[in-house]
Peer 1: 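Below is one structure. I have some questions about it.
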Amino acid sequence: MPRRSRAQKNSIALNALPLEIAATLFAGLGLFFVGLRFISKNLSNIVGPRTRMLLSRSLAGRGSTLAFGALAGAVMQSVNAVTMLLVALVSAGAIEVRRAFPIIAWANIGTSAIVLVAALNIRVLVLVILGLVGIAYYFNLDQTTRYKHAVGALLGVGMLFLGVDFIKGVGAPIQELESATLGAAMRGSLDVLAFAIGVLVTLASQSSTTVSIVAMALAASGVISLDNGALVVVGSGLGSALSALLLAYRMHGTAKQLMIYQALLKASGVAVLLALTIVNVAMEGALLAALLAAAANSASLALALVYVLLQLSSDVVMHLAHGPMNRLVERMAPLTSEEVLSQPEHLSDSALEEPEVALLLVEQEQRRLIARLPHYLDLLRADAPYSRVGAVPQADLRIAQRCEQFLQHIVERHPSPQALNRAILLRDRNALITSLQETLAALADAGAQAGGAALASLRASVVESLHMLLQTLCDVVDRHDPDDIGLFLSLTEDRSDMMEAIRRRPPSEPALDGRSQHALITLTSLFERAVWLLRRHALLADRLDGTAG
């Protein structure tokens with residue numbers, strides 16, 4: 001068998017090189033995506049239960065709020081995930097929707113952290129991290145409740161940056177190819193195609209960070225040019241905006257407002273960067289050349305700076321057009337009827353500086369909640385006037401939660417002993433209001449299911465009696481008359497014996513089927529609980545009157 005010459009061996013090796021390059025790129029992308037998933041999943045488990053508490057404390061000042069946004073973006077590496085978290089917090093009344101907007105902006109800036117780290121040469125650090133993860137697995141730390149998520153996140157970091165290193169590593173083999181055909185084809189001018197790739201891949205991956213890091217690695221390895229890499233990064237911004245719009249399509253109210261704001265935020269930054277791209281072309285690449293020089297001639301770092309510039313441009317534009325953008329968002333996504341109902345009428349954060357004034361506002365809000373309690377039974381009454389009763393319970397629960405948070409802030413400000421005592425009593429009443437809201441909503445549901453003729457009379461009696469008591473409670477709370485309180489206490493005496501007699505039913509009455517019997521027990525038990533809660537309200541009203549003055 002004839003021996004191959006050295007030139008022939010080199011030719012075979014070079015011909016096999018494109019397959020090795022493709023496999024290395026493929027493996028690098030695989031490691032990157034798996035690492036990203038590990039980081040997101042494990043860090044979410046670490047910070048998830050504490051996030052609401054952290055955000056509530058960060059609301060004390062603008063700087064800490066923005067710091068929370070940046071931290072949330074850096075940890076979650078998905079602004080859409082941060083936005084969904086804010087949707088939950090806004091719905092719960094923990095934060096106002098307009099105060100959530102700058103958090104979204106700074107969450108975008110926070111995502112720059114991993115992009116900037118990816119631009120650095122941290123191969124040795126990555127290998128050390130993977131070694132530490134291996135040791136942690138050897139000692140079964142991944143099986144412990146305390147450390148398993150931290151180990152998983154660390155493994156994700158190692159895999160992600162090892163994947164980036166794999167992608168960067170294909171640069172040298174490309175330079176060794178005898179023919180420049182492949183390199184010229186991959187590094188050629190893509191222009192609009194590069195921008196479209198950034199948009200489409202971001203839509204598919206739901207992460208502009210991911211697309212930008214891959215573009216950085218490809219540019220550093222020489223697979224694509226710096227110009228095309230910049231267009232991919234800018235395109236990823238538009239892809240992120242379109243992704244937010246797609247999510248907003250199925251949302252309503254404040255949730256839709258937050259997603260639309262995210263879309264406008266990203267789109268504004270893309271508009272600025274596209275304008276700079278046009279200027280760069282007119283200047284024959286001078287802007288990107290200057291950026292490359294500033295990045296110590298590192299294409300990877302230059303594209304990382306493009307990504308950071310995209311986020312900063314978005315924030316600057318939205319800050320300058322803050323008022324008009326907010327009004328545009330509110331017009332595009334008006335509040336739902338339930339959200340309108342759930343807006344407090346009297347609470348104001350500015351009143352927290354004066355605890356006595358803040359307590360008066362809470363009392364007014366609680367009176368409004370009590371005045372709405374009779375409407376919970378409107379659907380079960382023949383002359384029900386309230387057309388939106390279905391939305392009332394959830395809306396009222398949100399207002400009660402807002403009252404509780406408001407009272408908590410008052411207590412934390414160390415008011416006078418008299419104000420502190422009154423705040424504690426109002427918190428007790430707020431808990432009673434919440435319990436009554438839940439009990440009446442459950443009773444309304446049980447009454448709607450107890451629609452048989454056998455229970456029609458009982459249901460009517462329960463509903464009308466309870467409705468009368470609720471109306472009387474409204475009068476007691478409004479008038480502060482001790483005689484009214486005494487009368488109400490007599491009306492809300494223990495009804496357990498009466499309810500037990502109704503549940504047993506005399507032998508002369510026809511037997512109930514299983515479903516009707518269950519409805520009977522539920523209805524009478526909830527009525528008994530509601531009467532007990534109303535009595536507690538009256539007793540607390542008497543104590544509150546004693547602290548007034």
Side-chain angles (χ1 to χ4, degrees), residues 366 369-384 386 389-401 404 427-477 485 487-542:
Q366 288 182 345
L369 290 176
I370 293 172
R372 280 158 68 154
L373 290 175
H375 294 303
Y376 284 51
L377 305 176
D378 280 352
L379 288 180
L380 302 179
R381 304 178 71 226
D383 55 345
Y386 209 78
V389 68
V392 170
Q394 288 301 318
D396 285 359
L397 278 172
R398 291 178 182 176
I399 296 176
Q401 290 170 356
E404 171 60 27
R427 291 185 73 177
D428 291 341
R429 183 161 79 173
N430 206 68
L432 286 175
I433 290 173
T434 301
S435 297
L436 251 182
Q437 289 169 343
E438 294 170 345
T439 300
L440 293 175
L443 190 144
D445 289 339
Q449 295 173 12
L455 296 178
S457 176
L458 172 65
R459 184 182 68 172
S461 298
V462 166
V463 169
E464 291 305 322
S465 297
L466 194 51
H467 189 270
M468 181 272 294
L469 291 174
L470 290 168
Q471 292 283 23
T472 306
L473 175 66
C474 296
D475 295 335
V476 168
V477 171
I485 294 176
L487 175 61
F488 191 74
L489 289 174
S490 66
L491 291 174
T492 55
E493 290 178 349
D494 186 26
R495 307 290 183 94
S496 57
D497 292 339
M498 182 189 301
M499 293 299 103
E500 184 61 26
I502 293 174
R503 284 192 283 267
R504 289 180 179 178
R505 292 177 64 87
S508 58
E509 295 186 14
L512 298 175
D513 58 26
R515 181 178 180 182
S516 298
Q517 184 67 26
H518 180 268
L520 171 65
I521 294 174
T522 302
L523 200 61
T524 53
S525 298
L526 289 171
F527 175 78
E528 189 178 346
R529 173 171 172 76
V531 171
W532 179 78
L533 289 170
L534 289 170
R535 184 176 181 84
R536 293 285 305 278
H537 268 278
L539 292 170
L540 193 57
D542 191 35

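In what follows, residues are counted from 1 in the order of the sequence shown. For clarity, every value in this text was computed on a predicted model and none was experimentally measured.
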Peer 1: Using side-chain heavy atoms (C-beta onward) and a distance below 4.5 Å, is Leu487 in contact with Thr472?
Peer 2: no
Peer 1: Got Gln437 and Ile399 here, is their nearest side-chain heavy-atom distance under 4.5 Å?
Peer 2: no
Peer 1: Evaluate side-chain contact (heavy atoms from CB on, under 4.5 Å) for Leu470 paired with Leu440, printing each intermediate quantity in order.
Peer 2: CA-CA 10 Å; Leu470 290 168; Leu440 293 175; 3.9 Å; yes
Peer 1: Could you grab the distance from atom CD of Gln401 to atom CG of Asp396, nearest 0.5 Å is fine?
Peer 2: 11.0 Å
Peer 1: I want to check something: taking the side chain as every heavy atom from C-beta on, are Leu397 and Glu438 in contact at a cut-off of under 4.5 Å?
Peer 2: yes
Peer 1: Hey, could you give me the OG/CZ distance between Ser461 and Phe527, rounded to the nearest 0.5 Å?
Peer 2: 9.5 Å
Peer 1: Which residues pass the salt bridge (charged side-chain N to carboxylate O under 4.0 Å, His left out) test with Arg427, not counting sequence neighbours?
Peer 2: Glu404
Peer 1: I'd like to know if the side chain of Ser465 and the backbone of Val462 have a donor-acceptor N/O pair within less than 3.5 Å.
Peer 2: no
Peer 1: Roughly how far apart are Leu436 CG and Leu473 CG, rounded to 0.5 Å?
Peer 2: 7.5 Å
Peer 1: Can you check whether Gln366's main-chain N or O pairs, donor with acceptor, with Asn430's side chain at less than 3.5 Å?
Peer 2: no
Peer 1: Rounded to the nearest 0.5 Å, how far apart are CG of Asp428 and CZ of Arg536?
Peer 2: 8.0 Å
Peer 1: Measuring from atom CG of Leu534 to atom CG of Leu466, what distance do you get when rounded to the nearest 0.5 angstrom?
Peer 2: 6.5 Å
Peer 1: For a quick test of reading the model, state the closest non-hydrogen atom pair linking Pro374 to Ile370 and the distance between them.
Peer 2: CD-O, 3.5 Å
Peer 1: Hey, mind stepping through Val477 and Arg429 against side-chain contact (heavy atoms from CB on, under 4.5 Å) and telling me if it holds?
Peer 2: CA-CA 11 Å; Val477 171; Arg429 183 161 79 173; 4.0 Å; yes
Peer 1: Where do Tyr376 and Ala441 come nearest, in terms of heavy atoms and distance?
Peer 2: CD2-N, 3.9 Å
Peer 1: If you look at every heavy atom in Leu469 and Thr492, which pair is closest and at what distance?
Peer 2: CD2-CG2, 4.2 Å
Peer 1: Let me confirm one number: the CG-CD distance from Leu377 to Glu464, rounded to the nearest 0.5 Å.
Peer 2: 8.5 Å
